[in-house]
Structure formats: C-alpha cells, structure tokens
Amino acid sequence: MASALRPITPPPALAPPAKPAGAKQPPRLPSHLFHHPSFLLLEMCATAAEVRQILPLVIKHGLYGEYNYQTKLLGLFSRFGCSGEAALVFDSVEAKNDELFHTVLKGHAKGSSLEAALAFFTDMRCARVRPVVYNFTYLLKACGDNSDLRWGRDIHGQLVVNGFSDNVYAMTAVVNMYAKCRQIDEARKMFDRMPERDLVAWNAIIAGYAQNGMAEKAVEMVSRLQEDGQHPDSITTVAVLPACADIGSLRLGKSIHAYGIRAGFASLVNVSSALVDMYSKCKAIGTARLVFDRMKVRNVVSWNSMIDGYAQAGNAEAALRLFKKLLGEGIKPTDVTIMAALHACAELQDLEEGKRVHELLLHSGLASDVSVLNSLIAMYSKCKRVDAASEVFATMQSKSLVSWNAMISGYAQNERPDDALNLFRKMQQQSIKPDSFTIVSVIPAVADISVLRQAKWIHGHAVRLNLDKNIFVLTALVDMYAKCGGLHLARKVFDTMRERHVTTWNAMIDGYGTHGLGKDAVKLFEEMRSSPVQPNDVTFLCVLSACSHSGLVDEGRKIFATMKRDYSLEPSMDHYGSMVDLLGRAGGLQEAWEFIEKMPIEPGISVFGAMLGACKIHKNVELGERAASKIFELEPDDGGYHVLLSNIYATASMWEDVARVRNMMEKKGLQKAPGCTYIELKNAVHTFYSGMTNHPQSAKIYAKLDEIIDDIKAVGYVPDTNSIHDVEADVKEQLLNTHSEKLAIAFGLINTSPGSTIQIRKNLRVCGDCHNATKYISQVTGREIIVRDMQRFHHFKDGKCSCGDYW
DNA sequence: GTCCTTTCCG
C-alpha cells in the first residue's frame, strides 16, 4: 500500500493548473465532484500514516473544507485510533449534522478502541443527536469483539429504551454480542424473543453455539432453521463446520459438505477453508489435503487450516513443508501460520528450524503478539532450550495467563522443578489466578521433587481453585501421588474419578509397577480392558514394566501377545526393550537374547540396554559384553552403559577389564553422573553426595552412621565389597559407608522423630550394598524407609524391601 | 450497514 502511494502527485490531466504564489484559491469543487484522485487515494488508505501523506494534497487543492472530505477524513482518523486528529477535523466542521456523528462513531467502533467509541457515543448523546439502529449494531459488535459484557448489557439497555428491540438488525447484533461474551444462554433468550428471524439471525445463534463449545446445539439449530422454512447459506455452513469438528463426526461433516456442493457454494474460499479444517480435525487429513489441493482460490486461512491440520495430526514434517511452500509463494504468514509452524518445530524438536521461524517472526510485524510468543516459549521448551524460552518470557511486554502456564510447563519439562514452583508463586503474588493448565503444569514439577508434603500442598491449591474436578488435573494428581510415594492417595484420587482418560489408567498402572505391586498393576490393566477406555501403546509399556519389576514373566508374555492381536498395536522399540527386561531380569538371559534375534525390527539401544542391565544382575559377562558392544556401536558416548559394563567385570573380579573400560571412558572424556540422594526436611531439600563432608551436620551424620553400621552388623549385615578393587579391606568398607544413600538416611534418622517414615530419593539406581544395609536399618530402627530411585520405589520395613530384592 | 472459517499453555 505504501508503495502504491509513492507518486502522490495527481495525474496531470486531472491536476488543477499550478497557480503562481499569491493567486487566489481555486474555486471550491461542488460536492458531487468527490471523485477527485485524492478522494480515491483516501479510500485506499490502510494506515493513519498514509492518510497523513495524502492530507497535504487535499489541502493544496482546497478540498479540506468539503463536506465529503471531512466525513471521509473523520471516518479514517477515528478508525485508525487517531482521536486527536479526528477531533481536529470534527471541530472544523461548521454545520455538524447527525450523519457526521454516525460516521465518526462507526469509525471508532470498527477500528480503534471500544472506549473511544463509547466516549464518542456519550458526546453524541450530549449533543442531542438521535441515535439510529446502526449506532447500536456497531457498538454491540465492538463490545462483542472486546468481550466486554458490562458495556454490552448497557448498550443493549439503551437500545431497548430507544425502541429498537423489535429490529432484526439490532437484535441480531445483541444475540451476537452475548454469544461473544460467552453468555450463550442469554443470546438464546434474545434470539427466542425476536419477533422474526432472518437467516442472518439464525447464523448468529448457530455460530454462537459453535463458538461456545455447544456443538450439538449448533447442529440442532441448523435443523430448526430448515424446519422454519429457510435454507442454510454459505455462512451457515462455515459456522457449523467447526461444530462438526468439535463433535468429531466425519459423517456429519461430510453431509454438510454434500449440502454445500448441492447448493453450489462448496468451492467458496471460506467454505473450503472450513472444510479443510473440519476434515483434518476429524482425522481425515488426506481428505483435507484433497479439498485443499482442489481449491482454485486460496487465502491465508486456507493455508493455515491445512498447515495446522498437519501439525495437530502429528505430521510435523508435512506441516513444515507446506509452511515453506506458503513462504515460497510469497504469502504473508499470519499469527496462526507462525503458531502452527512453531508447533511443528516443537513436535520435531527441530531447534534450527524453530530458530528460523523465530527470525522470520521478528520481521513479520507479529513480534509482540502474545499468542505467538507463547508458542515460541513452548517451542524452545520442547527443544530443551528452556533458557531461550525464559528469555522470551522475560522480554514480553504483556503476558497472558497462557504465557505463565507455558513457562511453568517449560521449567517442569526441563527438570527445573524449583523454577517452575517459584514462577507459580510469583504469578500468584502478581494476583494472576491459576487455571487448570497452570495446575497441570505445576504438578509434574512437584512429582519431580517427590515430596509428599508438597504434593498435598498443590492438591490443596487445586481444591481451593475449584479445579479438582478437572480430569486433566486429577490425572496429574494420580501420577504425582504415585511418584511421591503416596500410592494409596493416588488410588484414592483415581477411585473418585467418574471419567478417566487413557492417561489416567496409565498413571495408576505405572504407579503400581514402580512400587513393585505388579499383580495390582495387572489387575487394574484387566479392569481397564473391560472399561470404556482402551489401552494404548503407553499402557503396554507401563504394564510390561510392572510385570518386569515383579517378576511376572508369564503374565508379561501373555499381555505382550495381546497387544497386536487384540488392539492392533504394533510394538515399538521400547516395548521390545520391556520384554527383554522382563525375560532377562527374571534370569532368562538366553531366552532374552533369542528374543532379540527374532525381533522384526532392528534392535536399538533400549533393547540392548535392558539386556546389559539383566547381565549385570545375573552376572553374565559373555552376553553382557555382546550387548555392550552393540550399544557402543549405536551410542559410543554414553557414560552410564560403560559404567554398567565395568560393574559387570568388577562383580566377576575381572579387574583388567574394569581398567580397560575405565580407560576407554577417560579417552572419550565420558563421566559417570555423580550419584546423589535428596531428602526433604522442614521445607528444605538436602542433597547428599558420596563422601561429602561439607554439610553443616556432617560430624553428627558420620557419628550416627558409625553407630548404625555397628548395630546392623550385629544383626547380620555384611558389607558387599566385591565391586571395589585396589584398596585395603577397611578402606573398601569406608567407601561403601559414605554412599549418598547412607548419608541421607543417617541425616533422616537424626532429624526426624522416632517411628516416623523416612523418604529419600536417589538420582540413579540404588546401589546393592545400600539396598542391603537399608533393609537392616529398617529392622534395627523400626523405621519405614521409602527410597525412590531412577526406576522405581523401594519400601523398606522390618528388614524387608517391597521389591523382594528383585530390581 | 447485522451472521462465518484458521490460534498459544495439559
């Protein structure tokens, strides 16, 4: 547009002859001659800057005093939110007639702010100008667009006072306003009160239902309008198609498509775009693409519908391909385009592509769009770049609730639970009220910290916010309680739920599994099979790992077989890994190896990893070496697997091989993640590393540990020094005795009252000697000790562990 | 001159 304005000199043929300085003004044009080029240019203006560019031309030709020009300029300035300039023009008009007031009001209502429109409306009433119907329709539209229910009601009241309550136009606007302000029942009430309803009124109520999540009602109203003797038009179609998508009824969507074809408007851009959207939301992405490809005319909404359709369907590659095609065709992306592209980058965890979209966004004029920036936060978080996300969050000029939620979720997903919780507190300090998304984002952070007291604290928040009926919140609570050691609380929440998602069942089954209650996991899985919700691929991972942790080999085998047979689910690499774990852990190393050889897909790292772990438990050097060599081919730089292999050698006292692996690690610069154990005490989480002496209570802790070790030795504890070499026997013992698990337990014993449960968390797998020692400690102290490690829970009580020493 | 399609955080 700006470039179209560059030659602001009118064409010579129409330009008035140049006048020497001091010559008298050109004669005023009669008002019907407003087709002067400058008037046309004004009509083309899309920004205030463009109007200002043309204004000198208007003045130069003495047209500024023309009534038509004044009206036009007023309309433009008020539309572009330039109230000062609008007031200037307005004041310069000598004889202000009603029409002038109406034009200005329209401008304000259509383009600039609702406040400006309302203020002007008040001025207009003060000037005793009689309002007309479309004053109200414009004002109501502005109220609806701003979701301003209070002013909407006010204007509705004034409309009634002025006697327009039987006017179809006015009442349609009222219906629309209430629907946009999410007062769909009130909208319906007004609709029912209308003395007569034209198609536009019907369309308004249909769209209202569709936009308020009442898809069935929207569909019902389409039937009613036909009973009323009217015929749905293209707008009806466009309004009701999102409702079909909402219901997920392809059949219904197709019948509307067919109607559109019969009625001859199926190929309109808006209808086709809505069809693309409907088909992709009804999981018929191929049909969506077919409709899209057949479109003769497409607008950016058509592209957005298709791109987002792919992104939502999980076909991120196709989404990005189409996004690039859109850019290639020179179409200007909108906020929705960018959001869909970012969504696809997040899904693929494609940071480089994500950065390119970010770059594009900076030059697109959408750089301060809150929704787009929220998507950017999500994209960086999913690509494991939470610091980049946090930078976006910090520099946003305005934030919405979604921004806070996205950032909290980003921290929670990236193992930064403390940052997630701090942000959750901060938003409340700023009086921003959390919603169900916030709670669902914070809960995994609490689960990560694994402190039951905090779990109850966040649950309390959910209750106070009245969000404890939300199925997503409840599912997150089930998962969290299980991960915080409160398995019975998880089940309690689970049992109160009237509706459950597949993820709800998965969380509970996995909870039983990680707590070593394999039989309960299988039982719940059977219950699920006869429930309305059917298992998915994740369900099988949960139940198979539950079987594995409890040694339920036959059950696991049977369940694995049902996967494909009963549910047509193709086992993934992780499922095969679970099966190898199940067989191998139970001692069937040969069977596990044969299972790997018979796999229909090329076995990957998770499969050999499970094999290696089983070899460690059952001290099988030969198969362990074979599994390890496969792993090092696939992933040469993982420290954890090197340590596992070296431990297998150590258990077999093959010290030269231990040294060889350690050497290899050193050469590759690999390190074993340092083991550490967390324990919470009075709102603070204490972290212990092996051998650390810089804790304030170190002296007391080591003294307590000495005392305890003596006690447990007296009842039969023998330190397992097998895996240590090259040092004297007493040093070996000393090394074992300073493991982080033991330090944390000693700390717990000192600082908690006798008889209370001690709960700790280890970042890696719990060590064999510590596991054994903890059993004895539970016996001699009469304490219950709950240990969460990387994989599962161990409940120690009266000298026994819930895992049955099988982990 | 009133009605409509694509949207971020589980």
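Reminder, nothing fancy here: chain letters follow the sequence lines and each chain counts from 1.
Using a 5.5 Å limit on the distance between ring centres and a 30° limit on the angle between planes, the aromatic ring of Phe437(A) counts as stacked on the six-membered base ring of dC9(B).
Close to dC3(B), at under 4.0 Å from its OP1 or OP2, lies no side-chain N or O of Lys180(A). Residue Lys382(A) places at least one side-chain N or O under 4.0 Å from the OP1 or OP2 atom of dG10(B). Between dT7(B) and Lys281(A), a contact under 4.0 Å exists linking OP1 or OP2 to a side-chain N or O. The side chain of Asn176(A) places an N or O atom within less than 4.0 Å of a non-bridging phosphate oxygen (OP1 or OP2) of dC4(B). Distances shorter than 4.0 Å separate some side-chain N or O of Gln211(A) from OP1 or OP2 on dC4(B).
Put simply, the side chain of His501(A) does not reach to within 4.5 Å of the side chain of Val533(A), judged on heavy atoms.
Side chain of Val301(A), nearest nucleotide from dT7(B), dT5(B), dC4(B): dT5(B). Distances from the side chain of His343(A) to the nucleotides dC4(B), dT7(B), dC9(B) place dC9(B) closest. Closest to the side chain of Ala274(A), out of dG10(B), dT6(B), dT5(B), is dT5(B). The side chain of Val200(A) lies closest to dT2(B) when the candidates are dG10(B), dT5(B), dT2(B). The side chain of Gln413(A) approaches dG10(B) more closely than any other nucleotide in the set dG10(B), dT2(B), dC8(B). Closest to the Asn203(A) side chain, of the nucleotides dC9(B), dT7(B), dC3(B), is dC3(B). Across dT6(B), dT7(B), dC3(B), the shortest atom-to-atom separation from the side chain of Pro242(A) is found for dT6(B). The listed nucleotides are dT2(B), dT7(B), dT5(B); the one nearest the side chain of Asp335(A) is dT7(B).
The aromatic rings of Phe120(A) and Phe101(A) sit tilted, their planes meeting at an angle between 30° and 60°.
Looking at heavy-atom distances under 4.0 Å, Ser409(A) makes contact with sugar-phosphate atoms alone, never a base. Nucleic acid contact for Lys106(A): none, since no nucleic acid atom lies under 4.0 Å from a heavy atom of the residue. Residue contacts for Thr137(A): at a heavy-atom cut-off of 4.0 Å it reaches no nucleic acid atom on any strand shown. Base contact: Asn470(A) has a heavy atom under 4.0 Å from a base atom.
Side chain of Asp228(A) to main chain of Gln230(A): no donor-acceptor pair is present (N/O by atom type, distance under 3.5 Å, no hydrogens or angles). A donor-acceptor contact shorter than 3.5 Å links the side chain of Arg298(A) to the backbone of Phe292(A).
Residue-to-nucleotide contacts include no donor-acceptor pair under 3.5 Å from the side chain of Asn270(A) to the base of dT5(B). The base of dG10(B) sits within donor-acceptor range of the side chain of Ser436(A), with an N or O pair under 3.5 Å.
Nearest heavy atoms, Arg182(A) versus Asn212(A): CA-OD1, 3.3 Å.
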